[in-house]
Q: 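Below: one structure in structure tokens.
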Amino acid sequence: MILDGKGLADRRLELLKKEISERGVTPTLATVLVGDDPASAMYVRMKHRACDQVGIRSVNVELPEGATTSEVLDRLKMLNEDPEIDGILVQLPLPSQIDTPQVINAVYPEKDVDGYHPQNMGKLVGGLPGPRSCTPKGIMTILNEYGVQTSGAHAVVIGRSVDVGRPMALLLMLADATVTICHSKTRDLAAITRQADILVSAAGRPTMVTADMVKPGATVIDVGTNHVNGKLCGDVDFQAVSSVAGAITPVPGGVGPMTIVSLMENTLEAALSRCRPAQ
Ligand code: NAP
């Protein structure tokens, strides 16, 4: 079975548009783009397009490639204090001279629609409500929508990054999976991945996951977005693995579109939380 993230995303965006209109709110998302990396610029454009589609107002703050950490922090301060802004997304990666952790920490947790702020990460660790990182959240939506059982399943996550691998492992654990996290120092990766009922690959290594690494019938989620000879491909050797797996996400058209849906959902949730009276 192909897990069609694109089709699911289109349906979720339609529902979100309806919900935003029925609630009579206009959430506002601010994106912060530093430098002139074409891939980052493209991702930001896609996010703005999705905002237009669902009725979220969006503004883009652009800073030059040579911007300093304090210049980025100044802009974030303005966005944090602007009552019109519900959510702030800083497009990563930032140019190397910028202190990325400091920038992430500077976004007000209630406007952190990426779920990267340490306070929101802490909420995830504690199993408390809060914005979840967009890509892992989108993957959980795919698993739920396609009825992939997580409870009791052995989930193996390749990758331990703060934006994907770690929050993914935590969300799977909160969904009652037994989770193994693998990374570049893992010994005999294939022996571990072959045990997975659910295999999530977020390594950023083209076609690293081959058919012999996958248990027959497993659900395979490919997070990788790698550009090879001008073509987008995932971490998974799709042709070969799809003949072994029970279900698999394609690249493109799998996880990517669902990441954007999660961002839209988090922005609406941030706007609604700000409307609610403090408890
Ligand atoms: P990252 O920060 O570079 O992390 C990669 C992780 O994979 C690290 O934990 C690394 O281990 C591990 N790894 C690398 N090579 C490995 C190998 N040969 N065997 C086992 N583990 C290995 O990347 P990221 O931000 O998590 O992103 C991962 C991929 O997902 C990238 O291709 C990225 O473009 C893509 N992505 C896609 C979306 C989407 O919406 N589709 C969103 C975010 C990211 P160490 O920790 O030991 O270095």
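Because the structure is predicted, anything quoted here is derived from the model rather than measured. Numbering of ligands and ligand atoms starts at 1, following listing order.
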Q: In terms of atom number and element, which parts of ligand 1 are under 4.0 angstrom from non-hydrogen atoms of Gly224?
A: 30 (O), 32 (O)
Q: Could you state whether Leu272 and Leu89 fall into the same hydrophobic cluster, counting links through intermediate Ile, Leu, Val, Met, Phe, Trp or Tyr residues with side-chain heavy atoms under 4.5 angstrom apart?
A: yes
Q: Identify which of Ser184, Cys182, Ser133 has a heavy atom lying nearest to atom 45 (P) of ligand 1.
A: Ser184
Q: Of the protein's non-hydrogen atoms, which lies at the shortest distance from atom 25 (O) of ligand 1, and what is that distance?
A: Asp163 OD2, 3.0 Å
Q: Around atom CD of Gln239, are there more than 12 heavy atoms from other residues, nucleotides or ligands closer than 6.0 Å?
A: no
Q: Indicate, as side chain, backbone, both or neither, the part of Thr135 found under 4.0 angstrom from ligand 1 when only non-hydrogen atoms are considered.
A: side chain
Q: Among all protein non-hydrogen atoms, which one is nearest to atom 46 (O) of ligand 1, and what is the separation to 0.1 Å?
A: Arg160 NE, 2.7 Å
Q: Just need the protein heavy atom nearest to atom 24 (P) of ligand 1, so name the residue and atom and give the distance.
A: Ser161 OG, 3.6 Å
Q: Find all atoms of ligand 1 within a distance of less than 4.0 Å from any non-hydrogen atom belonging to Thr259, and give their numbers and elements.
A: 39 (C), 40 (O)
Q: Can Glu145 and Arg11 be said to form a salt bridge (Lys or Arg N to Asp or Glu O under 4.0 Å), step by step?
A: CA-CA 11 Å; Glu145 289 285 328; Arg11 293 195 293 281; 5.6 Å; no
Q: Tell me whether Gly165 reaches ligand 1 (any heavy atom closer than 4.0 angstrom to a ligand atom).
A: no
Q: Side chains of Thr31 and Asn60: donor-acceptor distance under 3.5 Å anywhere?
A: yes
Q: Among Cys233, Pro257, Ala203, Gly254, which residue places a heavy atom closest to atom 5 (C) of ligand 1?
A: Ala203
Q: Distance from Lys47 atom NZ to Leu263 atom CG, nearest 0.5 Å?
A: 6.0 Å
Q: Among all protein heavy atoms, pick out the one at the shortest distance from atom 29 (C) of ligand 1; state its residue, atom name and that distance to 0.1 Å.
A: Gly204 N, 3.7 Å
Q: Enumerate the atoms of ligand 1 whose separation from the nearest heavy atom of Ile158 is less than 4.0 angstrom.
A: 20 (C), 21 (N)
Q: Can you name the atoms of ligand 1, numbered from 1 with element, that are less than 4.0 Å from a heavy atom of Val164?
A: 26 (O), 43 (C), 44 (C)
Q: Please could you name the atoms of ligand 1 that Gly256 approaches to less than 4.0 Å, counting only its heavy atoms?
A: 40 (O), 41 (N)
Q: Tell me the nearest of Leu232, Asn226, Val223 to atom 36 (N) of ligand 1, using heavy-atom distances.
A: Val223
Q: Pair Glu71, Arg75 - check salt bridge (Lys or Arg N to Asp or Glu O under 4.0 Å), show working.
A: CA-CA 6 Å; Glu71 282 167 343; Arg75 298 310 288 267; over 6 Å; no
Q: Please report the C-alpha distance between Arg45 and Met42 in whole Å, then the side-chain angles of each, then the deciding distance to 0.1 Å, and finally whether the side chain to side chain contact (heavy atoms under 4.5 Å, CB included) criterion is met.
A: CA-CA 5 Å; Arg45 274 198 305 278; Met42 184 187 72; 3.8 Å; yes
Q: Looking only at protein heavy atoms, which one is nearest to atom 34 (O) of ligand 1, and how far off is it?
A: Thr225 OG1, 2.6 Å
Q: Distance check, rounded to the nearest 0.5 Å: Gln97 atom CD versus Thr100 atom OG1?
A: 9.5 Å
Q: Taking atom CE of Met121 and atom CG of Asp112, what is their separation to the nearest 0.5 Å?
A: 8.5 Å
Q: Check whether more than 12 heavy atoms from other residues, nucleotides or ligands sit under 6.0 Å from atom CE of Met78, and answer yes or no.
A: no
Q: Among all protein non-hydrogen atoms, which one is nearest to atom 20 (C) of ligand 1, and what is the separation to 0.1 Å?
A: His183 O, 3.1 Å
Q: Starting from atom 12 (C) of ligand 1, find the nearest protein heavy-atom neighbour and note its residue, name and distance.
A: Gly159 CA, 4.0 Å
Q: Which residue owns the protein heavy atom closest to atom 17 (C) of ligand 1, what's the atom, and how far is it?
A: Met208 SD, 3.7 Å
Q: Side chain, backbone, both or neither: which part of Arg205 has a heavy atom under 4.0 Å from ligand 1?
A: side chain
Q: So, for Ala106 and Leu73, which heavy atoms are closest and what is the spacing to 0.1 Å?
A: CB-CD2, 3.5 Å
Q: Tyr108: which other cluster members, linking ILVMFWY side chains closer than 4.5 Å, directly or transitively?
A: none
